[in-house]
Student: 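Take this structure, written in structure tokens, and hold onto it; I'll ask about it next.
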Amino acid sequence: MRAVTVHGAGDLRVDERPAPEPGEGQVVLAVEWGGICGSDIAYWRHGRSGTAVLRDPLVLGHEIAGRVVRVGPGVSGVEEGLPVTVHPAELVGDGRMPERLAGRTNLYPRVRYFGSAAFHPHTDGGFSEFRAVRAEQLRPLPDGVGTREGALAEPLAVALHAVSRAGDVTGRDVTVNGAGPIGSLVAAALKHAGAGRVTVADIDAASLAVAGAMGADELRDVSRGEPLPEDAEIVIEASGAPGALGAVLRSTARGGTVVQVGNLPGTEAAAVLGDLVTREIVWKGSYRFVDEIDGALTAMAEGLDVGPLMTHTFPLDRAEEAMRVAADPASGSSKVMLRFGPPDHPVLPGKGTL
């Protein structure tokens, strides 16, 4: 099979690898679609993502969907041909959490995640024609949700988790700072959760257009001097830009809440934070998700349309071009998708094509 593999900074290859066999409690998926994420770009550009550094070649990708083509021993209730997406996190160890963190498995200290170099050996991702997956990580796609849309259940789950961190948003006006893929999905998630007026701000007109198509009621182009709304009770910061924090906190109402879902750098960075104190703002972090991937699939089945987010599609053999487009602010891209199949999906040895 072919797999999109990063070997080091700037070194992305489509490698030939052995097709997997399902182990105990596993199935093999024929991957059909994958969405390129910022961490995939970071590994390709820098050979690292945050504190995780490449030591060996790594198959990228944690936003995937496809169909089950082989069922391993010890797996029941899963049939070949089932369309699924994947919860890409697997806890390492006994999974015990302190009482104050009960149920918040996204904060468990040791988690293997698809397409991550945080552990050694690294955890390969799903940007390959086939992938062995533990059965409990499967999430069947509901009627009306195809594998293309299903591949975006993971980033939508991130957005839903951020919205949940804000509390009850029903009927409330919310500002979203940052119109990248997560910011645009946050806008859609807010409207699905019953929020009132959702305003999205960014410095890029193409990104703002996507956010508008995803349901934002008002768009603010900061590059043209358009300010953030004043006295916002809830702000979801999705840009991850330290330089934006001062303006975000100043726009937040006294006693308001900021949810930080944009991934801030792990190194020192200058930021203006004084209003955090003088306005008694609650600043909450939002990290990945728990089980919101199930809610993401339900939301899509109920009509939340992720289609406008998917601006570009490339076949597997053009993976490096896809990465360049995803990484280029001038490309006008939002979510760049990789297509693994069908109609010309390869045949897994010993099985017919689906």
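Remember, it's a predicted structure, so these values are computed and weren't measured experimentally.
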Student: Without swapping roles, check the side chain of Arg139 against the backbone of Glu136 for a donor-acceptor pair under 3.5 Å.
Tutor: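 Yes, because the side chain of Arg139 sits within donor-acceptor range (under 3.5 Å) of the backbone of Glu136.
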Student: Any donor and acceptor pair, going by atom type alone, linking the side chain of Thr85 with main-chain N or O of Gly150 inside 3.5 Å?
Tutor: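 Answer holds: yes.
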Student: Indicate yes or no: does Glu320 engage Arg318 in a salt bridge with an N to O separation below 4.0 Å.
Tutor: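 Answer for the salt bridge query: no.
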Student: So which of Arg131, Arg148, Arg67 actually passes salt bridge (charged side-chain N to carboxylate O under 4.0 Å, His left out) with Glu32?
Tutor: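 The single option meeting the salt bridge (charged side-chain N to carboxylate O under 4.0 Å, His left out) with Glu32 is Arg67.
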Student: With a 6.0 Å cut-off (strictly less than), is the heavy-atom count around CZ of Arg17, excluding the residue itself, greater than 12?
Tutor: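 Buried by this count: over 12 neighbours within 6.0 Å.
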Student: When you measure from the side chain of Lys335 to the backbone N and O of Pro181, does any donor-acceptor pair fall under 3.5 Å?
Tutor: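 Such a contact is absent between Lys335 side chain and Pro181 backbone.
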Student: Between Glu90 and Arg134, is there a salt bridge with N-O shorter than 4.0 Å?
Tutor: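 Yes.
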Student: Could you go through His7 and Asp15, starting from their C-alpha distance and side-chain angles, then the distance that decides it, and tell me whether this counts as side-chain contact (heavy atoms from CB on, under 4.5 Å)?
Tutor: CA-CA 10 Å; His7 289 253; Asp15 288 339; 2.7 Å; yes
Student: Which heavy atom of Met337 sits nearest a heavy atom of Ala151, and at what distance?
Tutor: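 Closest heavy-atom pair between Met337 and Ala151: CE-CB, 4.0 Å.
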Student: Would you sort out whether Glu16 and Arg2 count as a salt bridge (charged side-chain N to carboxylate O under 4.0 Å, His left out), showing the intermediate values?
Tutor: CA-CA 5 Å; Glu16 291 285 341; Arg2 295 175 296 169; 5.2 Å; no
Student: Pairing donors with acceptors under 3.5 angstrom, does anything connect the side chains of Arg112 and Thr123?
Tutor: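 Distance-only check passes for Arg112 and Thr123.
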Student: So, does Tyr43 use its side chain to make a donor-acceptor pair with the main chain of Leu54 at under 3.5 Å?
Tutor: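 Absent.
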Student: Hey, does the side chain of Gln260 reach the backbone of Gly262 with a donor-acceptor pair shorter than 3.5 angstrom?
Tutor: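 Answer holds: yes.
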Student: Near Asp173 CG, under 6.0 Å, is it more than 12 heavy atoms from other residues, nucleotides or ligands?
Tutor: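 Enclosed.
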Student: If you take the centroid of each ring, where Trp contributes its six-membered ring, are His161 and Tyr287 closer together than 6.0 Å?
Tutor: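 No; His161 has its ring centre 6.0 Å or more from that of Tyr287.
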Student: Does any N or O in the side chain of Arg165 come within less than 3.5 Å of the main-chain N or O of Val259, such that one atom is a donor and the other an acceptor?
Tutor: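 Not at all, since once roles are kept as given, no pair shorter than 3.5 Å links the two residues.
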Student: Is there a donor-acceptor contact under 3.5 Å from the side chain of Ser331 to the main chain of Val325?
Tutor: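 Yes; judged by distance alone, with no hydrogens or angles, the pair exists.
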Student: Mark yes or no for whether Asp124, through its side chain, and Leu58, through its backbone, hold a donor-acceptor pair below 3.5 Å.
Tutor: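 No; zero donor-acceptor contacts below 3.5 Å.
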Student: Kindly write out the residues that satisfy side-chain hydrogen bond (donor to acceptor under 3.5 Å, both in side chains) with Asp328, not counting sequence neighbours, or none if the list is empty.
Tutor: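 With sequence neighbours excluded, Asp328 shows a side-chain hydrogen bond (donor to acceptor under 3.5 Å, both in side chains) to no residue whatsoever.
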Student: Tell me, with the steps shown, if Ile236 and Asn177 meet side-chain contact (heavy atoms from CB on, under 4.5 Å).
Tutor: CA-CA 6 Å; Ile236 299 183; Asn177 187 62; over 6 Å; no
Student: Using a strict threshold of under 4.0 Å (side-chain N to carboxylate O), is an ion pair present between Arg110 and Asp94?
Tutor: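 Answer for the salt bridge query: no.
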Student: Within a 6.0 Å radius of atom CG on Asp143, are there more than 12 heavy atoms belonging to other residues, nucleotides or ligands?
Tutor: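 No - once you tally the heavy atoms of other residues, nucleotides and ligands closer than 6.0 Å, there are 12 at most.
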Student: Could you walk me through whether Trp44 and Asp40 pass the side-chain contact (heavy atoms from CB on, under 4.5 Å) test, one step at a time?
Tutor: CA-CA 6 Å; Trp44 165 61; Asp40 300 317; over 6 Å; no
Student: Say whether, by atom type as modelled, one donor and one acceptor occur between the side chain of Glu237 and the main chain of Ser239 under 3.5 angstrom.
Tutor: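 Such a contact is found between Glu237 side chain and Ser239 backbone.
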Student: Going through the checks in order, is the side-chain contact (heavy atoms from CB on, under 4.5 Å) test met by Leu249 and Ile281?
Tutor: CA-CA 8 Å; Leu249 294 173; Ile281 292 168; 4.1 Å; yes
Student: For the residue pair Phe289 and Tyr113, categorise the inter-ring angle as parallel (less than 30°), tilted (30 to 60°) or perpendicular (more than 60°).
Tutor: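 Correct class here is perpendicular.
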Student: Is the backbone N or O of Gly126 less than 3.5 Å from a side-chain atom of His62, with the two atoms forming a donor-acceptor pair by type?
Tutor: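 Checking the backbone N and O of Gly126 against the side chain of His62, no donor-acceptor pair under 3.5 Å is found.
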Student: Ignoring hydrogens and geometry beyond distance, is a side-chain donor-acceptor pair present between Asp291 and His87 at under 3.5 Å?
Tutor: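 Absent: no donor and acceptor within the cut-off.
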Student: Does a salt bridge link Asp275 with Arg250, judged by any charged N lying under 4.0 Å from a carboxylate O?
Tutor: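 Between Arg250 and Asp275 there is a salt bridge, with a charged N closer than 4.0 Å to a carboxylate O.
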Student: Is the closest side-chain donor-acceptor distance between His192 and Glu302 under 3.5 Å?
Tutor: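 Yes - a donor-acceptor pair under 3.5 Å links their side chains.
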Student: Please report the C-alpha distance between Arg172 and Glu233 in whole Å, then the side-chain angles of each, then the deciding distance to 0.1 Å, and finally whether the salt bridge (charged side-chain N to carboxylate O under 4.0 Å, His left out) criterion is met.
Tutor: CA-CA 8 Å; Arg172 302 177 75 179; Glu233 279 189 86; 2.9 Å; yes
